[in-house]
Amino acid sequence: MQQAISPIDPNANKAEKYELLIKQAEAIVSSESDLIANMANLTALLKDTFNWFWIGFYRVDTESNQLVLGPFQGPLACTRINHGKGVCGEVWATGETQIVDDVNAHPNHIACSSLSQSEIVIPVRNEAGKIIAVLDIDSDELATFDEVDGNYLEQFVELLK
Ligand code: SME
């Protein structure tokens, strides 16, 4: 039986929200081993907590050497991204989290929606340290994400190992 998820206090500060979010995510992944099911619930948790514009995973497809759209919350999105292309493709290529304050000023950004203004992309690694996906979060406001988001979201995706 899945553990009940308690609602997050809307007045909590960002770090408090992340602390609770990570506990909830731990409860979810500890009772399910399927990666896609866990990715799906993790995007729902993030959407419920922060209500960002678009939250989703792109998974590495080794056959095509592309990122392919995985579980997400938000409007329709591009399905495939080439290695090194867009912020997602750059994060896959470099293995480094990227925070983009203004996507329109980022030359390599792929605009799936003209409403996206800022974004953060985090690499997702397996036990062997290989990048198997990226977590892409888009905001419809400028400069939404900072290092606090980066640090917590890196811990968050560790749970998928
Ligand atoms: N923002 C991404 C493209 C994916 S969509 O925004 C969902 C990028 O430039 O990599």
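Start at 1 and go down the list; that is how both ligands and their atoms are numbered.
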Cationic N near anionic O, under 4.0 Å, Lys161 to Glu158: yes

Lys17 NZ: over 12 foreign heavy atoms closer than 6.0 Å: yes

Output side-chain donor-acceptor pairs under 3.5 Å for residues 132-143, partner residues at least two apart or in another chain, one line each.
from, atom 1, to, atom 2, distance (Å)
Ser139, OG, Glu141, N, 3.0
Ser139, OG, Glu141, O, 3.2
Ser139, OG, Thr144, OG1, 2.6

Value rounded to 0.5 Å, distance of CD in Glu119 from NE2 in His109: 4.5 Å

Which pairs of nitrogen or oxygen atoms, taken one from ligand 1 and one from the protein, are under 3.5 angstrom apart?
from, atom 1, to, atom 2, distance (Å)
ligand 1, 1 (N), Glu119, OE1, 3.0
ligand 1, 1 (N), Glu119, OE2, 3.1
ligand 1, 6 (O), Asp138, OD2, 2.8
ligand 1, 9 (O), Val87, N, 3.1
ligand 1, 9 (O), Ile110, N, 2.9
ligand 1, 10 (O), Val87, N, 2.9
ligand 1, 10 (O), Cys88, N, 2.7

Mutual orientation of the aromatic rings belonging to Trp92 and His83 [parallel < 30°, tilted 30-60°, perpendicular > 60°]: perpendicular

Distance, nearest 0.5 Å, that separates CD of Glu90 from CD1 of Ile110: 9.5 Å

